[in-house]
**Q** 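The structure under discussion is supplied below as structure tokens; questions concerning it will follow.
Chain letters run A, B, ... following the sequence lines, proteins first, then strands; residues in each count from 1. Only this structure's heavy atoms are used, side chains among them; waters, hydrogens and symmetry mates stay out.
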Amino acid sequence: MSDEKELRYDPAAIETKWQQRWAADPKLYAAEPVSNGKPKYYVLEMLPYPSGQLHMGHVRNYSIGDALARYMWMRGYNVLHPMGWDAFGLPAENAALKNNTPPREWTLSNIAAMKRQMQRIGFSYDWATEVTTCLPEYYRWNQWFFLRMYEKGLVYRKKSKVNWCPECATVLANEQVINGYCWRHEDTLVEQRDLEQWFFRITAYAQELLDGLDKLEGWPEKVRTMQRNWIGRSEGTEIDFAVENRSEKIRVFTTRVDTIFGATSVQLAPEHPLVTALAQADAGLKVQVSTLIEEQKKARESGDVGAIEKHGVPTGHFAINPYNGELIPIWVANYVLMDYGTGAIMSVPGHDERDFEFAKKYAIPIREVIRPVQNEVGVKLPFVSEDGVLVNSGEYNGLSCAEAQKRLQEVAVRNAFGEATVTFRLKDWGVSRQRYWGTPIPMIHCERDGLVQVPDEQLPVLLPEKIEITQTGGSPLSRVPEFVNVKCPKCGHAAKRETDTMDTFVDSSWYFYRYTDAKNANAPFDSSIAQYWFSIDQYIGGVEHAILHLIYSRFWTKVMRDLGMIKNDEPAQRLFTQGMVIKDGAKMSKSKGNVVSPDDMVARYGADATRMYALFAAPPDRDLDWQEDGVAGISRFLGRVWRLTAKHAPAARAVASEPQNSSKTQEGGALMRKLHQTIAKITHDFEGRWHFNTCVAAIMEFVNELQAADAQLTSGEVPAAVVRELLHNLVLLLAPFAPYLAAELWEELGSQGATLHLSDENPPPGTPILRAPWPKCDPGLAKEDEIEIPVQINGKLVTVVRVAPDADAKAIQAAALADEKVHARIAGKTVVKVIVVPGRAVNLVVK
RNA sequence: GCCGGGAUGGCGGAACUGGCAGACGCAGCGGACUCAAAAUCCGCCGACCCUUGCGGUCAUGGGGGUUCGACCCCCCCUCCCGGCACCA
């Protein structure tokens with residue numbers, strides 16, 4: 001090897017070498033058995049959809065998780081760091097249509113390609129626990145869970161209005177509709193269709209899902225807020241209004257029962273059953289109502305429900321206010337929704353913006369019933385605040401709104417015309433999909449026995465392999481007679497299988513439990529193993545799943561707990577949502593043409609530089625602007641580390657003893673101090689803040705100091721034992737961020753028999769760097785000999801003075817007053833006050 | 001409308017508990033090495049002012065406040081990103 005070549009950092013050569021070595025050691029990233037006695041740490045990144053190509057968002061996500069996993073290994077934890085594939089879903093069917101490739105084949109080859117990319121980048125996954133959701137070994141347990149939930153009444157079938165994406169040719173869950181558009185097709189409006197569908201009763205857990213958020217302190221506030229909004233709990237009262245001359249009652253939902261004396265009409269949703277009944281006898285009304293329904297539908301489908309003009313039609317009938325017997329007109333209004341509350345409201349124009357607008361338009365009386373406490377006379381209506389007292393409300397006058405709500409609810413309950421209720425925005429999870437590439441729903445339709453479960457011993461219900469995929473004509477499975485036709489497990493007569501498949505979010509709702517026992521053929525997982533690993537200590541992924549995957553998987557965990565399979569209430573103690581990777585101010589996307597391929601970056605600069613840049617360019621929770629020049633900068637830095645270490649490695653290898661304090665030179669002491677400060681900083685960041693950008697910056701600072709002291713390192717002015725110590729620890733600090741280079745340099749420095757006097761334990765010879773102990777900061781060595789204290793006069797910086805790090809207020813004040821510049825500034829003036837913050841600052845207040 | 005997050009040099013960002021604003025990197029400029037280039041190394045690098053000095057003033061979206069001292073805390077406002085929204 002020529003000198004010239006030796007001085008060139010060649011990431012491709014280093015990374016290829018170590019990738020091969022790591023591949024030859026399948027136990028390297030494997031978790032140890034439950035009985036190992038070490039503290040456990042479960043770090044998890046959200047599993048990807050196998051599109052066939054990793055994108056930069058993946059690289060960023062996994063680089064964060066990988067750094068953490070490697071750090072925890074070095075800290076001596078038993079680490080579970082798995083990876084898998086969210087492998088069912090529509091793109092595979094689309095690809096099948098386009099290329100005539102079977103979805104299974106397409107998916108599995110994509111998985112192989114992405115796995116290669118991950119291995120090339122060097123992510124520390126234990127592939128022995130790999131989970132692929134489209135394989136029967138996995139999806140049979142989806143079916144098993146479905147049956148258990150069916151038995152518990154948590155799965156049901158009903159006909160209802162559902163979201164239909166014409167592009168996907170399937171039903172979508174509410175969570176998959178974004179502002180009226182399909183989550184997969186930004187330009188496709190979702191239609192409403194009446195279909196019979198399978199639902200999971202997630203609403204049974206609405207309150208617990210909401211309450212649990214308060215305890216998830218390790219989750220971003222943003223995600224917790226989004227989930228709270230989505231669950232949308234609202235406390236209120238339901239009140240029955242009798243209808244004059246008819247037997248029906250109208251049950252209204254209101255959060256402001258205290259304003260009921262101000263109700264001057266009752267408003268029904270156009271689909272309300274009473275409206276249907278009234279319209280039957282009134283042809284004119286019928287026409288007008290169908291117009292309202294049409295309008296609502298259009299508005300809903302175009303996503304701006306809130307924007308349509310409020311209008312309605314009077315029914316000619318009257319409702320009776322149960323508190324005062326008042327007759328008020330019944331209207332049908334296009335702003336009342338059938339699927340929220342009871343589909344009927346009492347309209348109080350004096351104290352509600354929408355009711356006010358509506359009443360103005362139709363000259364419905366507006367009555368003041370709430371007044372601010374301090375006001376003798378009324379205020380401008382509508383007055384919507386709850387900070388007030390009741391007026392014009394009979395015996396309830398003078399009560400506060402809160403008090404009145406309580407009293408009115410009591411009266412309603414006592415007289416059996418109403419009750420306090422809680423309403424949620426959250427709807428049950430519609431899981432039926434009229435597509436092929438998903439988990440078959442394990443149910444059978446029998447003419448005699450109705451809905452019949454597929455018996456457990458017949459699971460899995462296998463997805464047929466040979467199938468023609470089209471996007472029309474309902475579920476593709478319904479056109480496979482061998483699949484559809486089956487004998488009823490109960491009566492043995494001919495019956496038909498359910499041909500819908502499950503939403504792919506079912507797959508990802510529990511996959512992380514499977515990782516703990518991925519090969520189990522008798523159960524989804526062994527409860528005792530899951531209990532050891534759960535909760536997940538750190539979950540990392542994109543915020544786009546805040547109310548999809550992250551609410552479904554919380555639900556699933558609670559269901560499994562209630563099935564007695566696990567003990568934890570929540571899947572993940574801590575959640576971290578990384579920011580997006582953007583380029584030129586926009587999210588990377590094919591249509592914008594600003595996609596940066598990870599493969600390109602790895603080929604040009606190496607995996608270490610690519611992933612280290614992903615950590616360096618921004619704090620992990622913020623959006624990251626990808627600048628290729630920045631990757632080049634990291635690559636240069638890694639080259640400097642490589643050259644520096646390679647240059648001094650022979651000397652470092654030659655000494656075996658620990659550095660003696662007495663042998664330390666001035667320069668060695670300064671470098672050791674910087675080292676220990678760097679250790680402290682990075683360790684601290686791993687413990688919570690995760691500002692890996694500043695961790696990388698700290699390592700750069702340390703390297704810059706080493707490089708500046710190159711002459712002393714070479715001359716022996718810094719003893720070889722100290723050099724060795726500095727370089728060893730530099731490499732260890734680098735290991736979570738640039739694992740390939742760290743492994744190479746670890747070997748270069750002679751890892752075998754390495755004694756790391758900074759650590760409690762000495763790794764045995766040949767220890768891979770992954771198992772080497774993380775450096776420990778020695779506060780004594782990190783301590784500065786002298787620190788600089790800024791001196792301010794009247795809050796303005798004048799100079800700095802150097803003092804001992806533990807100098808007390810007196811000493812600092814003395815040093816400040818002794819300073820020439822300070823002298824000059826205060827000459828002829830009076831020092832009124834001196835503020836000294838030891839270790840921080842001095843401020844002289846001078847007149 | 002409600003909720004959450006954000007705004008700091010040409011750029012990405014740092015300043016962790018209220019105590020030297022701009023760490024680290026990118027870009028740029030100057031220099032060394034070289035026949036030359038690449039690579040590498042060294043230095044400069046917020047704005048303005050003058051009396052060019054180990055000088056002064058201004059500066060963290062805008063305005064006010066608290067404080068000896070504010071990028072940081074409080075109030076008001078602007079803009080950007082995200083979520084929810086005829087939710088009764």
**Q** Would you state whether a donor and an acceptor, one from the side chain of A:Glu701 and one from the base of B:rC24, lie under 3.5 Å apart?
**A**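 When only heavy-atom distances are counted, A:Glu701 does not reach the base of B:rC24 through any donor-acceptor pair under 3.5 Å.
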**Q** Using the rule side-chain contact (heavy atoms from CB on, under 4.5 Å), only one of A:Val842, A:Ile793, A:Ile789, A:Asp819 pairs with A:Thr799; which is it?
**A** A:Asp819
**Q** Within the structure shown, what part of the strands sits under 4.0 Å from A:Val336 by heavy-atom distance: base, sugar-phosphate, or nothing?
**A** base
**Q** Given B:rG12, B:rG69, B:rC16, identify the nucleotide with an atom nearest to the side chain of A:Arg689.
**A**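 The nucleotide sitting nearest to the side chain is B:rC16.
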**Q** Say you pick atom C1' in B:rA14 and the same atom in B:rA7; how far apart are they, in whole Å?
**A** 16 Å
**Q** For A:Met580 and A:His691, take the nucleotide of RNA chain B holding the closest heavy atom to each; which residue's nucleotide lies nearer the 5' end?
**A**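 It is A:His691 whose nearest nucleotide is closer to the 5' end.
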**Q** Show me the dot-bracket string of RNA chain B, counting Watson-Crick or G-U pairs under 3.5 Å, with | for pairs to another strand and [ ] for crossing ones.
**A** (((((((..(((......[....))).(((((.......))))).(((((..).))))..(((((..]....))))))))))))....
**Q** Check whether A:Trp219 forms a cation-pi arrangement with A:Arg574 (NZ or CZ under 6.0 Å from the six-membered ring centre, at most 45° off the ring normal).
**A**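 Geometry flag: not set, cation outside 6.0 Å or 45°.
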**Q** Using a strict heavy-atom distance below 4.0 Å, which residues from residues 228-236 of chain A are in contact with RNA chain B?
**A**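 RNA chain B contact set from residues 228-236 of chain A: A:Asn229, A:Trp230, A:Ser234.
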**Q** With nearest nucleotides of RNA chain B determined for A:Ile634 and A:Gly341 from heavy-atom distances, which residue corresponds to the more 5′ nucleotide?
**A** A:Ile634
**Q** What's the closest nucleotide to the side chain of A:Arg622 if the choices are B:rC86, B:rG13, B:rG69?
**A** B:rG13
**Q** A:Thr255 side chain: which of B:rC24, B:rA88, B:rG13 is closest?
**A**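 Looking only at side-chain atoms, A:Thr255 lies closest to B:rA88.
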**Q** For nucleotides 36-46 of chain B, read 5' to 3', which letter fits each nucleotide if B means a protein heavy atom sits under 4.0 Å from the base, S means only the sugar-phosphate is that close, and - means neither?
**A** ----SS-----
